[in-house]
Amino acid sequence: MKKLWKQYSYAITLIILSCTLAFVLSFKHHSDDQYLKVTISEGDTLWKISDQFEGKHSLSNKEFVSWVKKHNENINDQIYPGEEIVIPVSKEDSDNTTELASAPKQ
């Protein structure tokens, strides 16, 4: 057994680390499933969406925008109509599992 460990210790360590990393990444991905997914409408901004869901999260607008940018791929300062993003609002706190975020019509 010692001979086997000496010969393959790097490979065994690499396999264990890879499995651990895959487990951690899998857990992170599933944790986003508990949050609300919204579809962006024309004229929406992350700040407007933060204001729209103001009573359903406890973050400031700046914290909300930072959270959305961190937890959504390819989101920087621009969002586009039709995109779906995850926001830090619990699905349990919302009536629908998917809502359309839209700017108020004037």
Side-chain angles (χ1 to χ4, degrees):
M1 185 71 170
K2 277 188 171 183
K3 195 176 200 179
L4 184 67
W5 174 253
K6 283 183 180 182
Q7 193 172 11
Y8 296 107
S9 63
Y10 292 114
I12 293 169
T13 304
L14 182 61
I15 290 170
I16 291 170
L17 288 174
S18 297
C19 290
T20 304
L21 180 63
F23 176 74
V24 168
L25 291 177
S26 152
F27 179 73
K28 181 186 179 296
H29 175 71
H30 294 297
S31 68
D32 287 346
D33 291 342
Q34 66 185 342
Y35 295 109
L36 186 64
K37 185 180 282 191
V38 296
T39 303
I40 304 302
S41 296
E42 187 71 36
D44 281 345
T45 66
L46 295 177
W47 285 76
K48 286 181 184 178
I49 295 170
S50 177
D51 286 339
Q52 182 179 353
F53 290 93
E54 183 176 26
K56 297 185 179 185
H57 66 82
S58 60
L59 304 172
S60 70
N61 282 350
K62 187 175 181 177
E63 292 170 332
F64 182 95
V65 170
S66 293
W67 190 98
V68 171
K69 287 179 182 180
K70 181 179 177 183
H71 290 85
N72 290 277
E73 294 179 12
N74 302 324
I75 298 290
N76 290 316
D77 292 328
Q78 294 287 322
I79 55 175
Y80 300 98
E83 281 185 311
E84 285 189 339
I85 61 171
V86 176
I87 61 172
V89 173
S90 175
K91 282 186 177 181
E92 290 86 34
D93 291 343
S94 177
D95 298 333
N96 299 329
T97 56
T98 304
E99 292 189 22
L100 296 177
S102 62
K105 294 186 180 183
Q106 296 178 4

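Count residues from 1 along the sequence.
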Flag side-chain contact, heavy atom, 4.5 Å: [X] against [Y]:
X	Y	value
Val86	Leu36	no
Tyr35	Ile87	no
Asp44	Val38	no
Lys2	Trp5	no

>> Under the rule for side chain to side chain donor-acceptor pair (under 3.5 Å), what residues qualify as partners of Asp51, not counting sequence neighbours?
In response: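 So Asp51 forms a side chain to side chain donor-acceptor pair (under 3.5 Å) with Asn61.
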
>> The criterion is side chain to side chain donor-acceptor pair (under 3.5 Å); which residues satisfy it with Lys69, sequence neighbours excluded?
In response: Asp77

Could you pull out the closest heavy-atom pair between [X] and [Y], with the gap in Å?
X	Y	answer
Ile85	Asn72	CA-OD1, 3.4 Å
Glu83	Gln78	OE1-O, 4.5 Å
Gly43	Lys48	O-NZ, 3.0 Å

>> Restricting to side chain to side chain contact (heavy atoms under 4.5 Å, CB included), what partner residues turn up for Ser66, sequence neighbours left out?
In response: none

> Can you name the side chain to side chain contact (heavy atoms under 4.5 Å, CB included) partners of Glu54, sequence neighbours left out?
Replying inline: none

> With distance as the sole test, does Lys70 use its side chain to make a donor-acceptor pair with the main-chain N or O of Val65 at under 3.5 Å?
Replying inline: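 Checking the backbone N and O of Val65 against the side chain of Lys70, no donor-acceptor pair under 3.5 Å is found.
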
> Any sub-3.5 Å donor-acceptor pair from His57's side-chain atoms to Ser50's backbone N or O?
Replying inline: yes

Kindly compute the distance separating [atom1] ([X]) from [atom2] ([Y]), expressed to the nearest 0.5 Å.
X	Y	atom1	atom2	result
Leu46	Trp67	CG	CH2	11.5 Å
Glu84	Ile79	CD	CD1	13.0 Å
Trp47	Phe64	CH2	CZ	11.0 Å

Could you list the donor-acceptor pairs under 3.5 angstrom formed by side chains in residues 8-20, with sequence neighbours left out?
unit_1: Thr13; atom_1: OG1; unit_2: Ser9; atom_2: O; d: 2.7
unit_1: Ser18; atom_1: OG; unit_2: Leu14; atom_2: O; d: 2.9
unit_1: Thr20; atom_1: OG1; unit_2: Ile16; atom_2: O; d: 2.9

